[in-house]
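No hydrogens, no waters, no symmetry mates; every other heavy atom, side chains included, goes into these values.
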Amino acid sequence: MPRITRPVSWIRAALREFETFPEGARSICLAALTIAAEGGKADIAKPMHGLGSGVFEIALPFRGDAFRVVYTVQLAAEEIWVVDTFQKKSTRGIKTPKREIDLIKDRLRRLKEMLR
(Lines give C-alpha, C1' and ligand atoms only; values in the text may rest on other atoms or scores of the structure.)
Protein backbone atom coordinates (compact mmCIF):
# COMPACT_ATOMS: atom_id res chain seq x y z
CA MET A 1 0.00 0.00 0.00
CA PRO A 2 1.51 3.38 -0.95
CA ARG A 3 2.21 5.85 1.81
CA ILE A 4 -0.07 8.84 1.86
CA THR A 5 1.76 12.17 1.94
CA ARG A 6 -0.32 14.80 3.70
CA PRO A 7 -0.18 18.36 2.39
CA VAL A 8 1.67 20.92 4.49
CA SER A 9 -0.31 24.13 5.11
CA TRP A 10 1.18 27.32 6.51
CA ILE A 11 -0.11 30.16 8.61
CA ARG A 12 0.77 33.10 6.37
CA ALA A 13 2.92 34.92 8.96
CA ALA A 14 4.90 31.73 9.63
CA LEU A 15 5.58 31.31 5.90
CA ARG A 16 6.71 34.94 5.57
CA GLU A 17 9.18 34.49 8.43
CA PHE A 18 10.34 31.13 7.02
CA GLU A 19 11.17 32.79 3.71
CA THR A 20 13.77 34.94 5.54
CA PHE A 21 15.72 31.84 6.66
CA PRO A 22 18.97 31.10 4.76
CA GLU A 23 18.43 28.77 1.79
CA GLY A 24 20.28 25.85 3.43
CA ALA A 25 18.25 26.11 6.64
CA ARG A 26 15.01 26.24 4.62
CA SER A 27 15.83 23.11 2.64
CA ILE A 28 16.73 21.13 5.78
CA CYS A 29 13.50 22.23 7.50
CA LEU A 30 11.44 21.40 4.38
CA ALA A 31 12.99 17.91 4.31
CA ALA A 32 11.97 17.45 7.97
CA LEU A 33 8.42 18.64 7.16
CA THR A 34 8.28 16.17 4.26
CA ILE A 35 9.15 13.34 6.65
CA ALA A 36 6.31 14.53 8.93
CA ALA A 37 3.93 14.71 5.95
CA GLU A 38 4.78 11.07 5.21
CA GLY A 39 3.91 10.06 8.77
CA GLY A 40 7.41 10.02 10.23
CA LYS A 41 9.44 12.26 12.51
CA ALA A 42 12.80 13.74 11.53
CA ASP A 43 15.72 13.48 13.93
CA ILE A 44 15.69 17.26 14.37
CA ALA A 45 11.98 17.33 15.31
CA LYS A 46 10.83 16.90 18.89
CA PRO A 47 7.47 17.15 20.66
CA MET A 48 6.74 20.56 22.22
CA HIS A 49 5.57 19.94 25.74
CA GLY A 50 2.74 21.96 27.24
CA LEU A 51 1.04 22.68 23.92
CA GLY A 52 -1.01 19.53 23.58
CA SER A 53 -0.13 16.33 21.78
CA GLY A 54 0.77 16.44 18.13
CA VAL A 55 2.71 19.74 18.30
CA PHE A 56 6.34 19.42 17.21
CA GLU A 57 9.32 21.72 16.90
CA ILE A 58 12.04 21.36 14.30
CA ALA A 59 15.18 22.63 16.04
CA LEU A 60 17.94 23.40 13.57
CA PRO A 61 21.36 24.72 14.53
CA PHE A 62 22.70 26.26 11.32
CA ARG A 63 25.95 28.20 10.86
CA GLY A 64 25.98 29.51 14.43
CA ASP A 65 22.29 30.42 14.45
CA ALA A 66 19.26 28.49 15.66
CA PHE A 67 16.13 28.16 13.55
CA ARG A 68 12.78 26.77 14.69
CA VAL A 69 9.71 25.53 12.83
CA VAL A 70 6.65 24.59 14.89
CA TYR A 71 4.02 22.39 13.31
CA THR A 72 0.99 20.36 14.35
CA VAL A 73 -0.03 16.99 12.99
CA GLN A 74 -3.35 16.62 14.81
CA LEU A 75 -5.57 19.62 14.10
CA ALA A 76 -6.64 18.51 10.64
CA ALA A 77 -6.57 14.82 9.76
CA GLU A 78 -5.65 15.45 6.15
CA GLU A 79 -2.90 18.04 6.57
CA ILE A 80 -0.01 19.26 8.64
CA TRP A 81 -0.04 22.91 9.73
CA VAL A 82 3.07 25.04 10.26
CA VAL A 83 2.04 27.52 12.96
CA ASP A 84 5.29 29.36 13.71
CA THR A 85 8.84 29.79 12.43
CA PHE A 86 11.51 31.90 14.04
CA GLN A 87 15.21 32.41 14.45
CA LYS A 88 16.22 31.94 18.05
CA LYS A 89 18.39 34.82 19.14
CA SER A 90 19.82 33.48 22.39
CA THR A 91 22.60 30.96 21.97
CA ARG A 92 22.53 29.93 25.60
CA GLY A 93 19.72 27.80 26.90
CA ILE A 94 17.44 25.68 24.79
CA LYS A 95 14.20 27.13 26.10
CA THR A 96 11.78 28.56 23.56
CA PRO A 97 11.13 32.24 24.41
CA LYS A 98 7.85 32.88 26.23
CA ARG A 99 6.60 35.33 23.57
CA GLU A 100 6.99 32.56 20.95
CA ILE A 101 5.11 30.06 23.17
CA ASP A 102 2.29 32.59 23.62
CA LEU A 103 2.20 33.25 19.87
CA ILE A 104 2.09 29.50 19.13
CA LYS A 105 -0.75 28.96 21.64
CA ASP A 106 -2.71 31.84 20.12
CA ARG A 107 -2.20 30.60 16.55
CA LEU A 108 -3.15 27.03 17.53
CA ARG A 109 -6.35 28.29 19.17
CA ARG A 110 -7.30 30.39 16.12
CA LEU A 111 -6.45 27.54 13.75
CA LYS A 112 -8.67 25.12 15.70
CA GLU A 113 -11.57 27.58 15.41
CA MET A 114 -10.95 28.07 11.70
CA LEU A 115 -10.83 24.31 11.00
CA ARG A 116 -14.02 23.49 12.90
Worksheet item: For Arg116 and Glu113, what are the C-alpha separation, side-chain angles and deciding distance, and is it a salt bridge (charged side-chain N to carboxylate O under 4.0 Å, His left out)?
Response: CA-CA 5 Å; Arg116 259 195 219 135; Glu113 289 168 5; 5.3 Å; no
Discussion item. Quick one, Ile11 and Arg110 - any side-chain contact, counting heavy atoms below 4.5 Å?
Written reply: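 Ile11 does not reach Arg110 side chain to side chain.
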Worksheet item: Heavy atoms, side chains only, cut-off 4.5 Å: are Lys41 and Ile35 in contact?
Response: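 A side-chain contact is absent here, since even the closest heavy-atom pair is not under 4.5 Å.
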Kindly compute the distance separating [atom1] ([X]) from [atom2] ([Y]), expressed to the nearest 0.5 Å.
| X | Y | atom1 | atom2 | value |
| --- | --- | --- | --- | --- |
| Glu78 | Leu115 | CD | CG | 8.0 Å |
| Ile80 | Glu38 | CD1 | CD | 9.5 Å |
| Arg68 | Thr85 | CZ | OG1 | 12.0 Å |
| Leu60 | Arg63 | CG | CZ | 10.5 Å |
| Ile104 | Met48 | CD1 | CE | 4.0 Å |
| Met114 | Arg109 | CE | CZ | 13.5 Å |

Worksheet item: If we ignore angles and hydrogens, is there a donor and acceptor under 3.5 Å between the side chains of Ser9 and Glu79?
Response: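 Yes - a donor-acceptor pair under 3.5 Å links their side chains.
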Discussion item. Surrounding CG of Asp102 (heavy atoms of other residues, nucleotides or ligands, distance under 6.0 Å), is the total greater than 12?
Written reply: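 Yes.
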Worksheet item: Should we count CZ of Arg99 as having more than 12 external heavy atoms under 6.0 Å?
Response: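 Counting neighbours around CZ of Arg99, 12 or fewer heavy atoms of other residues, nucleotides or ligands fall under 6.0 Å, so no.
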Practice prompt. Report the C-alpha separation of Asp84 and Arg107 in whole Å, then their side-chain angles, then the decisive distance to 0.1 Å, and conclude whether the salt bridge (charged side-chain N to carboxylate O under 4.0 Å, His left out) test is met.
Written response: CA-CA 8 Å; Asp84 191 23; Arg107 287 181 178 172; 3.2 Å; yes
Practice prompt. List the steps and the verdict of side-chain contact (heavy atoms from CB on, under 4.5 Å) for Leu15 and Val82.
Written response: CA-CA 8 Å; Leu15 181 58; Val82 177; over 6 Å; no
Worksheet item: Hey, quick one: are Ile28 and Leu30 part of the same hydrophobic cluster, counting side-chain heavy atoms closer than 4.5 Å, chains of contacts allowed?
Response: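 Yes.
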Worksheet item: So Phe56 and Thr72, side-chain contact (heavy atoms from CB on, under 4.5 Å) or not? Walk me through it.
Response: CA-CA 6 Å; Phe56 293 87; Thr72 179; over 6 Å; no
Practice prompt. Could you tell me how the ring of Phe67 sits relative to the ring of Phe21: parallel (under 30°), tilted (30 to 60°) or perpendicular (over 60°)?
Written response: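 Ring orientation of Phe67 relative to Phe21: tilted.
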Practice prompt. Mind listing the closest non-hydrogen atom pair of Cys29 and Val69 along with its distance?
Written response: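 Closest approach of Cys29 to Val69: SG-CG2, 3.8 Å.
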Practice prompt. Taking the six-membered ring for Trp and the single ring otherwise, decide whether the centroids of Trp81 and Tyr71 are under 6.0 Å apart.
Written response: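 Centroid distance Trp81-Tyr71: not below 6.0 Å, so no.
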Practice prompt. Show your working on side-chain contact (heavy atoms from CB on, under 4.5 Å) between Leu108 and Lys105 and close with a plain yes or no.
Written response: CA-CA 5 Å; Leu108 284 170; Lys105 284 179 179 172; 5.7 Å; no
